[in-house]
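Heads up: the structure comes next, in structure tokens.
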Amino acid sequence: MTALPLRRRPVPPGPVDDAMIGFIEAHPVPTTPFEPRWGLSRLVLGPGSIIDAVDADGERVAVAAVVDACTNDANAAHLALLCLHPDSDSDALVALLLAEAEAITAAGPRRRLEIDAEDLFAERGAELEARGFHEAYRMHLMRRPLDAPPPVPPLPEGLVWSPPTEATMRSQHEAVCRAMGPVPGASVPDFESFAARARAMVEHHGLILRGDAVAGFLRVHPPQAPGGEGDIALIGRHPEHRGGKLGDILVAESLRRLHAAGAGSAALTVAAANDAALALYRRHGFSVSETIPVYAKDVPAAG
């Protein structure tokens with residue numbers, strides 16, 4: 001067990017230090033939400049949004065972040081737990097993370113704090129409600145086996161596949177903002193952060209273009225080992241291309257890419273209220289394997 005009480009250690013300005021990254025990599029939670037070095041530099045407004053939790057002996061027990069540099073329709077920040085030591089005192093750590101996340105949100109530009117009820121926060125709905133949170137929406141984790149590469153329908157006339165390029169980067173960001181902005185649980189980084197990530201992982205992206213304008217987009221994460229689970233991390237089409245059957249094409253192409261990368265199964269996350277997306281994914285063999293409640297609390301600005 002950790003030595004109580006727990007406290008938050010300030011994170012100095014500048015690049016995230018290697019010791020913190022090493023701790024995250026050594027003690028990840030099953031649903032670590034993003035690549036830590038990139039996320040802790042691009043998805044938060046600064047070191048003040050990072051929670052480095054240590055025990056009474058100064059030993060690190062967990063790292064979390066309030067993701068507050070992304071935009072969404074709810075003007076919400078999101079508490080993201082990246083890792084925790086297996087011997088941590090769970091109750092004490094939850095209390096610390098909630099108090100610090102609320103204070104960070106109150107000091108920043110977002111007026112709402114969201115928390116996924118998974119990992120450390122699983123089965124803690126009553127505790128969250130006692131602090132003023134309420135269940136805002138639910139996310140479905142969907143999976144399907146990937147025994148054979150699915151056929152990919154041809155694109156409509158005038159559309160072509162492309163990787164991200166400098167010529168398409170602005171249009172790609174705009175398409176993702178337009179498509180994902182209204183979706184519960186979706187947040188989009190600023191353009192520079194988005195573009196840096198796209199440039200760093202071009203091979204994971206696929207775009208459907210009309211000229212240099214992005215009509216549809218996908219991003220997949222291949223499995224960590226052959227036969228493992230791949231992830232459809234992002235998929236959508238520009239609202240101006242509704243009704244063009246691009247959804248079926250994008251899902252099929254995502255599955256084809258994951259199969260080619262050696263995935264034995266595919267997973268994705270979708271808002272439980274998104275009936276159209278659920279129907280699309282079910283047509284392609286996905287079924288719900290887990291449902292994750294997301295709790296939210298309105299946080300007034302610090303006085």
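The figures that follow rest on heavy atoms only: side chains count, while hydrogens, waters and symmetry mates do not.
- Taking both residues in full, the closest heavy atoms of D119 and P30 are given as OD1-CD, 3.4 Å, listed atom of the first, atom of the second, then distance.
- Residues Y137 and E114 meet the side-chain proximity criterion, which asks for heavy atoms closer than 4.5 Å.
- In this structure the side chain of T105 never reaches within 4.5 angstrom of the side chain of E102, judged on heavy atoms.
- Looking at every heavy atom in both residues, A64 comes nearest to L81 through CB-CA, 4.1 Å.
- The pair E174-R170 fails the salt-bridge criterion, with no side-chain N (NZ, NE, NH1 or NH2) lying under 4.0 Å from an Asp/Glu carboxylate O.
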- Task: Please assess I208 against F217 for the test side-chain contact (heavy atoms from CB on, under 4.5 Å), listing each intermediate value before the final yes or no.
- Result: CA-CA 6 Å; I208 297 175; F217 52 86; over 6 Å; no

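- Rounded to the nearest 0.5 angstrom, L255 CG and H284 NE2 are separated by 7.5 Å.
- A donor-acceptor pair under 3.5 Å links the side-chain atoms of H85 to the main chain of D87, judged by distance alone.
- Residues R143 and E229 form a side-chain contact, since some pair of their non-hydrogen atoms from C-beta on lies under 4.5 Å apart.
- In this structure, CG in D190 is found 8.5 Å from OG1 in T71, a value given to the nearest 0.5 Å.
- Side-chain contact between S193 and L43 is absent, with no heavy-atom pair separated by less than 4.5 Å.
- P47 and V11 make their closest contact through CB-O, 3.3 Å (heavy atoms, listed as atom of the first residue, atom of the second, distance).
- Of the residues listed (R8, E59, R7), the one engaging V54 in a side chain to side chain contact (heavy atoms under 4.5 Å, CB included) is R7, and it is the only one.
- Follow the hydrophobic side-chain contacts under 4.5 Å out from F191 and you never reach V176; the two are in separate clusters.
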- Item | Steps toward side-chain contact (heavy atoms from CB on, under 4.5 Å) verdict (L84, V61) | CA-CA 6 Å; L84 75 162; V61 297; over 6 Å; no

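- No hydrogens or angles considered: a donor-acceptor pair under 3.5 Å links the side chains of H221 and R219.
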- Starting from the C-alpha separation in whole Å, work towards a yes-or-no answer on side-chain contact (heavy atoms from CB on, under 4.5 Å) for L246 and L159. CA-CA 10 Å; L246 294 188; L159 299 179; 3.9 Å; yes

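- What you find for L141 and A267 is that their closest heavy atoms are CD1-CB, 4.3 Å.
- Salt bridge present: R9 and D52 bring a charged side-chain N and a carboxylate O closer than 4.0 Å.
- Residues V251 and L146 are members of one and the same hydrophobic cluster, defined by side-chain heavy-atom contacts under 4.5 angstrom among Ile, Leu, Val, Met, Phe, Trp and Tyr.
- Clustering ILVMFWY residues whenever any of their side-chain heavy atoms sit less than 4.5 angstrom apart, transitively, puts I235 in a cluster other than the one holding M180.
- A donor-acceptor pair under 3.5 Å is formed between the side chain of S171 and the backbone N or O of V214.
- Contact check for V16 versus I21: side-chain heavy atoms found under the 4.5 Å cut-off.
- Atom CD of residue E253 and atom CG of residue L218 lie 6.5 Å apart, to the nearest 0.5 angstrom.
- For the pair R110 (side chain) and D68 (backbone), a donor-acceptor distance under 3.5 Å is present.
- Annotation for P293 and R138: closest pair CA-CG, 4.0 Å, computed over non-hydrogen atoms.
- Of the possible donor and acceptor atoms, none in the side chain of R37 sits under 3.5 Å from a partner among the backbone N and O of P15.
- Distance CD1/I292 to CD1/I115: 14.0 Å, rounded to 0.5 Å.
- Salt bridge annotation for E166-R199: present, with a cationic side-chain nitrogen under 4.0 angstrom from a carboxylate oxygen.
- How far CG of L4 is from CG of L93: 10.5 Å, rounded to the nearest 0.5 Å.
- Side chain of R111 to main chain of G108: a donor-acceptor pair is present (N/O by atom type, distance under 3.5 Å, no hydrogens or angles).
- Using the six-membered ring where Trp is involved, H27 and F23 have ring planes that are tilted, between 30° and 60° apart.
- In this structure, the side chains of S88 and D55 stay at 4.5 Å or more apart for every pair of heavy atoms.
- Contacts of F194 classified as ring pair (Phe, Tyr, Trp, His ring centres under 6.0 Å), with partners at least two apart in sequence or in another chain: H173.
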- Task: Start with the C-alpha gap between L278 and M142, add the side-chain angles, then the distance that decides, and say whether side-chain contact (heavy atoms from CB on, under 4.5 Å) holds.
- Result: CA-CA 9 Å; L278 285 169; M142 304 185 79; 3.7 Å; yes

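- Both L250 and V152 are assigned to one and the same hydrophobic cluster, defined by single-linkage of ILVMFWY side chains at heavy-atom distances under 4.5 Å.
- For T168 against L207, the heavy-atom pair with the smallest separation is OG1-CD1, 3.6 Å.
- One finds the NE2 atom of H134 at 6.5 Å from the CG atom of D298 (value rounded to the nearest 0.5 Å).
- The side-chain heavy atoms of L79 and F121, taken from C-beta on, include a pair separated by under 4.5 Å.
- F133 is connected to V94 through a chain of hydrophobic side-chain contacts under 4.5 Å among Ile, Leu, Val, Met, Phe, Trp and Tyr, so both are in one cluster.
- The side chain to side chain contact (heavy atoms under 4.5 Å, CB included) test with I104 is passed by exactly one of V44, V299, I51: I51.
- With sequence neighbours left out, R124 forms a salt bridge (charged side-chain N to carboxylate O under 4.0 Å, His left out) with D91, E127.
- Between R257 and H204 there is no side-chain heavy-atom pair separated by less than 4.5 Å.
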